[in-house]
Amino acid sequence: QVQLVESGGGLVQAGGSLRLSCAASGRTFGTDAMGWFRQAPGKEREFVAAIRWSGGSTYYADSVKGRFTISRDNAKNTVYLQMNMLKPEDTAVYYCAARHLVSTREYDYDYWGQGTQVTVSS
């Protein structure tokens, strides 16, 4: 089993920044990919970004390219999502997820965190 714990959410004004963290523990050796997803009220959960622990390849949704950056600290088993130039439409619960191979599809992921709320005011 892999445990994921997100932190760093909060309330921020449009144009501001937040950094989310996702700490992984447990049997992490079987997971090479970490992803961030988000779910806004009344909407389906959507892909935001993903990264591979090995090599660090990154993937982004078009809606966040140029504004969000995903990174990882292998020594700390932690993945980050730096979010800049935030917009009200970025408001959502943000989840991190893990699986053995990188994917942008929600249903491919095996392990999920509890989520952290990000609210962007206009």
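Judged purely by atom type and a 3.5 angstrom limit, Thr28 has no side-chain atom pairing as donor or acceptor with the backbone of Ser25. Put simply, the side chain of Gln1 never gets that close to the backbone of Gly26: no donor and acceptor are under 3.5 Å apart. Although no hydrogens or angles enter the test, the distance criterion places a donor-acceptor pair under 3.5 Å between the side chain of Ser103 and the main chain of Arg105.
Applying the side-chain hydrogen bond (donor to acceptor under 3.5 Å, both in side chains) test to residues at least two apart or on different chains, the pairs with a partner in residues 40-50 are Arg38-Glu46, Arg45-Glu106. Sorted by first then second residue, the disulfide bond (SG atoms under 2.5 Å apart) pairs that include residues 7-42, not counting sequence neighbours, are Cys22-Cys96. Here disulfide bond (SG atoms under 2.5 Å apart) pairs that include residues 26-59, with residues two or more places apart or in two chains, number zero. Residue pairs meeting the salt bridge (Lys or Arg N to Asp or Glu O under 4.0 Å) criterion with at least one member in residues 66-83, sequence neighbours excluded: Arg67-Asp90.
The heavy-atom pair separating Ser21 from Thr78 by the smallest distance is CB-CG2, 4.3 Å. In terms of heavy-atom proximity, Ala14 sits nearest to Ser122 at CB-CA, 4.3 Å.
Evaluation of the side chain to side chain donor-acceptor pair (under 3.5 Å) rule for Arg99 yields no partner, not counting sequence neighbours. In terms of the ring-ring contact (aromatic ring centres under 6.0 Å, His included) criterion, residue partners of Tyr109 (sequence neighbours excluded) are, by chain and number, Phe37. Take Thr104 and apply the side chain to side chain donor-acceptor pair (under 3.5 Å) test, not counting sequence neighbours, and it matches no residue. Legend: residues meeting side chain to side chain donor-acceptor pair (under 3.5 Å) with Ser57, ordered by chain and number and at least two apart, are absent. Residues passing the side chain to side chain contact (heavy atoms under 4.5 Å, CB included) test with Ser17 are Gln82, Asn84, sequence neighbours excluded.
Under a hydrophobic clustering in which Ile, Leu, Val, Met, Phe, Trp and Tyr are joined whenever their side-chain heavy atoms come within less than 4.5 Å, directly or via other members, Val102 and Trp112 fall into the same cluster.
Leu81 belongs to a hydrophobic cluster whose other members, connected by ILVMFWY side-chain contacts under 4.5 Å either directly or through intermediates, are Val2, Leu4, Val12, Leu18, Leu20, Met34, Trp36, Val48, Ile51, Trp53, Tyr60, Val64, Phe68, Ile70, Val79, Met83, Leu86, Tyr94, Tyr111, Val118, Val120. Apart from Leu11 itself, the hydrophobic cluster it occupies contains nothing, where clustering links Ile, Leu, Val, Met, Phe, Trp and Tyr at side-chain heavy-atom distances under 4.5 Å. Cluster partners of Tyr107 are absent, since no Ile, Leu, Val, Met, Phe, Trp or Tyr has side-chain heavy atoms less than 4.5 Å from it.
Interatomic distance, His100 NE2 to Asp108 CG, rounded to the nearest 0.5 Å: 8.5 Å.
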